[in-house]
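Start at 1 and go down the list; that is how both ligands and their atoms are numbered. We use all heavy atoms of the structure for the numbers below, so side chains are in, but hydrogens, waters and symmetry mates are not. We count residues from 1, following the sequence as given.
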Amino acid sequence: MIKEFMTNDHRECDQLYAPLEEALNGGDFEKALELFIPFKNAMLGHFAMEEEVLFPKMEEFIGGGEGPTYVMKMEHNQIKTIIDQLGEAIEKKDQKKALGLGETCMIMTQQHNMKEEQILYSMAEQLPLEKEKLLEEMKKVWKR
Ligand SMILES: [Fe+2]
Ligand SMILES: [Fe+2]
């Protein structure tokens, strides 16, 4: 259930990038900036659901330290840096840079998401978490 919800949210984030890439390819920076906002919000909202709700709950069982949730948080920070750089490149109307950063962002995100979908979310499903409650809490964080 958590796995399904979060996997779907990964797809929704991906889908928000496609029209942004299209606008960048067409050199429409005004539109790109408009489309960048919902993309960024969706990515940050997803990371917040994980960092503020899912990961701390999982860490109660699997421990924190330098374990799997720590690695995921480091990757979030790397992806956030790329997203910020992408926003700057769009503002500067630097098409080549923006497209390159967008591609890097997508590759890093795909690799990250695959690890979560194949390992981390499956692990969450195995843990004795109050899943309904957890989902409600995650949705609240996202809407913020
Ligand atoms: Fe993540
Ligand atoms: Fe995720």
Side-chain angles (χ1 to χ4, degrees), residues 1-25 28-29 31-92 94-144:
M1 187 164 57
I2 288 171
K3 186 176 179 172
E4 197 188 348
F5 175 74
M6 294 303 271
T7 300
N8 278 335
D9 201 51
H10 283 167
R11 299 295 163 270
E12 281 176 28
C13 291
D14 292 346
Q15 281 162 12
L16 288 170
Y17 180 70
L20 169 56
E21 188 181 36
E22 219 175 277
L24 287 173
N25 273 323
D28 188 344
F29 290 98
K31 184 139 187 241
L33 204 55
E34 219 169 83
L35 292 165
F36 173 72
I37 296 160
F39 167 69
K40 180 178 175 172
N41 286 343
M43 292 290 284
L44 296 187
H46 183 89
F47 291 162
M49 288 197 287
E50 294 178 335
E51 291 182 17
E52 294 174 29
V53 183
L54 180 62
F55 293 174
K57 274 285 165 220
M58 290 181 71
E59 283 165 7
E60 287 176 16
F61 297 94
I62 61 170
E66 296 192 354
T69 53
Y70 173 79
V71 177
M72 291 301 107
K73 281 183 265 188
M74 277 195 356
E75 292 184 0
H76 288 175
N77 289 338
Q78 290 168 349
I79 296 168
K80 277 187 220 169
T81 303
I82 303 285
I83 292 174
D84 285 340
Q85 290 172 346
L86 171 60
E88 285 164 23
I90 297 170
E91 275 171 19
K92 287 180 186 157
D94 188 336
Q95 187 186 33
K96 200 176 162 211
K97 195 168 181 191
L99 282 167
L101 285 164
E103 201 185 333
T104 304
C105 179
M106 280 299 111
I107 292 168
M108 285 171 69
T109 301
Q110 294 321 314
Q111 289 170 347
H112 174 81
N113 290 353
M114 213 185 289
K115 283 181 238 173
E116 289 183 340
E117 289 168 22
Q118 292 176 355
I119 303 164
L120 210 86
Y121 297 160
S122 303
M123 202 186 272
E125 294 292 348
Q126 303 298 319
L127 295 172
L129 304 167
E130 289 178 72
K131 304 209 167 67
E132 292 279 357
K133 204 174 142 213
L134 199 73
L135 268 176
E136 286 313 307
E137 282 175 36
M138 285 201 288
K139 288 175 189 170
K140 267 187 234 158
V141 167
W142 199 95
K143 279 181 194 151
R144 181 186 53 184

Would you indicate whether the side-chain heavy atoms of Glu22 and Lys31 approach each other to under 4.5 Å? no
Can you tell me the angle formed at the Fe ion (ligand 1) by NE2 of His112 and NE2 of His76, to 10°? 90°
Salt bridge (Lys or Arg N to Asp or Glu O under 4.0 Å), that's the test. Do Glu117 and Arg11 meet it? Break it down for me. CA-CA 11 Å; Glu117 289 168 22; Arg11 299 295 163 270; 2.9 Å; yes
Checking Glu59 against Tyr70: is there a side-chain donor and acceptor pair closer than 3.5 Å? no
Which N, O or S atom of Glu116 lies nearest to the Fe ion (ligand 2), by name: OE1
Minimum-distance atom from the Fe ion (ligand 2) among N, O or S atoms of Glu50: OE2
Could you tell me whether the side chain of Lys57 reaches within less than 4.5 Å of the side chain of Glu130, counting heavy atoms only? no
Does any N, O or S atom of His10, backbone or side chain, fall under 2.8 Å from the Fe ion (ligand 2)? yes
Do any of the N/O/S atoms of Tyr121, backbone or side chain, fall under 2.8 Å from the Fe ion (ligand 2)? yes
Over 60° means perpendicular and under 30° means parallel, so tell me whether His76 and Phe55 are parallel, tilted or perpendicular. parallel
Please confirm if an N, O or S atom belonging to Glu117, backbone or side chain, lies less than 2.8 Å from the Fe ion (ligand 2). no
